[in-house]
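Report on the following structure.
Predicted model, so just to flag it, every value in this text is computed and none were measured.
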Amino acid sequence: MSQTEYDKYLHLLQTKQYTYKDVVQFLATTRNGSFRCPRLVFIYGQQLLANHFWSISSTEVWDIVEQVFFAALDCAKFDAADEYLSWMEKKFTASTRVLRLRGISLEARGEMRKAEKIYKTLLEKDPGDTLTLKRRIAICTGLGKRDESIKMLNEYLSVFMGDLEAWAELASLYIKENMYENAAFCYEELILAEPQNYHYYVKYAEILYTLGGLDNHLKALKYYSYALELQKDNNLPALYGFILTVNTISGNKSSALPKEASEAFEIVKTDILALYKDHSLLNIVQSTLGQLTSQRSSYKTTQSTLAPAGVNSTQTMNNNTL
């Protein structure tokens with residue numbers, strides 16, 4: 001759903017110049033897209049179901065009921081959510097999906113243990129129910145049972161190794177438990193699965209930087225560089241990470257910073273300042289980068305092979321020095 005489409009439906013809502021078919025189309029667009037607007041879904045959907053329930057095709061009406069149910073939970077309209085849930089329970093008796101929705105409703109109210117009981121019952125009947133397993137993992141995490149969540153995620157990933165969301169969640173749990181080497185392994189799997197996703201390179205580099213040690217810092221510098229090659233615009237985590245890693249390596253008396261990294265340092269610093277142009281924080285950023293530059297001025301860098309003409313410094317550093 002584009003911003004233009006969103007504005008169109010918002011205008012229709014405000015002027016009340018719409019038909020029930022417009023509402024059906026709006027709900028289908030938001031349901032199949034990535035644009036979240038639960039308030040509008042709830043307002044439109046509630047009116048639609050109240051006045052035109054029997055005018056909607058039987059293949060679509062229950063998708064809309066479920067969609068409005070979730071929107072009601074997002075808006076903390078629990079009475080309305082209960083009403084729509086009761087409709088689904090009457091229509092689909094003994095449905096695993098509907099029982100899972102009951103658990104999600106309990107989660108929204110903060111009744112985690114009751115929701116966990118429902119999920120356990122469902123998993124006893126079908127251990128391969130991945131959606132319910134994920135909900136139970138989320139419950140355990142919310143209750144502070146990280147060890148249990150980690151165990152279940154590892155068991156899940158031993159079967160469904162291609163689930164990237166599960167790898168990212170497992171990495172997050174490992175980081176919270178200060179198990180950075182395990183978290184690094186998770187991001188290695190994510191990078192292998194989606195080598196064009198620059199976010200994974202940034203997170204992996206951050207973990208390597210946290211682990212410490214010259215080898216990890218040099219490797220972190222390499223992955224920050226990869227992230228900047230993939231996405232340079234507005235990629236502040238990678239830009240700042242690169243700056244800090246270069247400064248840390250420069251301060252290590254037992255190491256020598258590659259010359260290409262030193263050249264890239266100045267380029268990255270310029271890119272950061274450009275992002276803060278006309279921003280209230282510009283003076284603070286200039287001062288901080290100035291201090292880092294002053295520290296580096298006393299550090300010695302190696303005279304490694306210069307970058308060929310026309311080649312980005314970070315790219316040459318990746319290919320030749322790290």
Side-chain angles (χ1 to χ4, degrees), residues 3 168 171-172 175-176 178 180 183-184 187 190-191 196-322:
Q3 186 65 45
S172 176
I175 290 172
K176 290 176 182 177
N178 297 325
Y180 295 109
Y187 275 102
L190 288 167
I191 289 171
Q196 297 303 313
N197 190 326
Y198 73 94
H199 294 288
Y200 296 154
Y201 290 87
V202 174
K203 293 298 294 185
Y204 185 53
E206 289 173 349
I207 292 169
L208 291 170
Y209 183 86
T210 302
L211 283 169
L214 178 59
D215 289 342
N216 284 326
H217 285 157
L218 287 171
K219 198 173 178 181
L221 195 61
K222 180 176 182 178
Y223 280 88
Y224 279 130
S225 300
Y226 284 147
L228 289 171
E229 286 177 28
L230 291 170
Q231 177 64 38
K232 189 174 183 180
D233 297 335
N234 297 318
N235 191 358
L236 273 174
L239 291 169
Y240 276 123
F242 187 92
I243 289 284
L244 290 173
T245 306
V246 166
N247 204 58
T248 300
I249 295 172
S250 298
N252 190 329
K253 295 181 180 180
S254 63
S255 68
L257 181 71
K259 191 172 190 300
E260 286 76 12
S262 181
E263 293 173 348
F265 180 94
E266 297 302 322
I267 296 172
V268 169
K269 186 174 72 172
T270 301
D271 290 338
I272 292 175
L273 291 173
L275 288 174
Y276 283 97
K277 183 181 179 181
D278 300 325
H279 196 283
S280 60
L281 294 176
L282 178 61
N283 291 336
I284 297 175
V285 174
Q286 285 177 324
S287 175
T288 302
L289 293 176
Q291 292 175 13
L292 291 173
T293 303
S294 298
Q295 291 176 3
R296 288 198 61 254
S297 64
S298 61
Y299 299 150
K300 182 180 179 181
T301 60
T302 57
Q303 301 298 318
S304 58
T305 306
L306 290 174
V311 177
N312 182 281
S313 295
T314 55
Q315 182 177 359
T316 304
M317 181 177 62
N318 285 335
N319 294 337
N320 297 334
T321 61
L322 292 181

Say you draw a straight line from [atom1] of [X] to [atom2] of [Y]; how long is it, rounded to the nearest 0.5 Å?
X: Leu275; Y: Asn234; atom1: CG; atom2: CG; answer: 5.5 Å
X: Gln286; Y: Lys269; atom1: CD; atom2: NZ; answer: 10.0 Å
X: Ile191; Y: Tyr226; atom1: CD1; atom2: OH; answer: 10.0 Å
X: Ile272; Y: Asn235; atom1: CD1; atom2: CG; answer: 10.5 Å

Excluding sequence neighbours, so at least two apart, what forms side-chain hydrogen bond (donor to acceptor under 3.5 Å, both in side chains) with [X]?
X: Asp233; result: none
X: Asp271; result: Lys232
X: Tyr180; result: Asn178

Considering non-hydrogen atoms only, spot the tightest contact between [X] and [Y] and give its length.
X: Phe242; Y: Ala264; result: CZ-CB, 3.5 Å
X: Ala183; Y: Ala171; result: CB-O, 3.8 Å
X: His217; Y: Thr245; result: O-CG2, 3.2 Å

Within residues 280-293 or reaching into it, pairs that qualify as salt bridge (charged side-chain N to carboxylate O under 4.0 Å, His left out) - sequence neighbours excluded
none

Could you work out, with side-chain contact (heavy atoms from CB on, under 4.5 Å) as the rule, every residue matching Asn197, not counting sequence neighbours?
Glu194, His199, Tyr200

Partner set under side-chain contact (heavy atoms from CB on, under 4.5 Å) for Ile284, not counting sequence neighbours
Leu281, Thr288

Is Ser225 reaching over with its side chain to a backbone N or O of Leu221, donor-acceptor style, under 3.5 angstrom?
yes

Could you check whether any side-chain N or O of Asn247 sits under 3.5 Å from a backbone N or O of Ile243, counting only pairs where one atom can act as donor and the other as acceptor?
no

Suppose the criterion is side-chain hydrogen bond (donor to acceptor under 3.5 Å, both in side chains): which pairs have a residue in residues 272-281, not counting sequence neighbours?
Tyr240-Tyr276

Return a table of donor-acceptor pairs under 3.5 angstrom between the side chains of residues 201-210 and protein atoms on other chains or two or more places apart.
{"unit_1": "Tyr201", "atom_1": "OH", "unit_2": "Pro195", "atom_2": "O", "d": "2.7"}
{"unit_1": "Tyr204", "atom_1": "OH", "unit_2": "Glu188", "atom_2": "OE2", "d": "2.7"}
{"unit_1": "Tyr204", "atom_1": "OH", "unit_2": "Lys219", "atom_2": "NZ", "d": "3.1"}
{"unit_1": "Tyr209", "atom_1": "OH", "unit_2": "Thr248", "atom_2": "OG1", "d": "2.8"}
{"unit_1": "Thr210", "atom_1": "OG1", "unit_2": "Glu206", "atom_2": "O", "d": "2.8"}

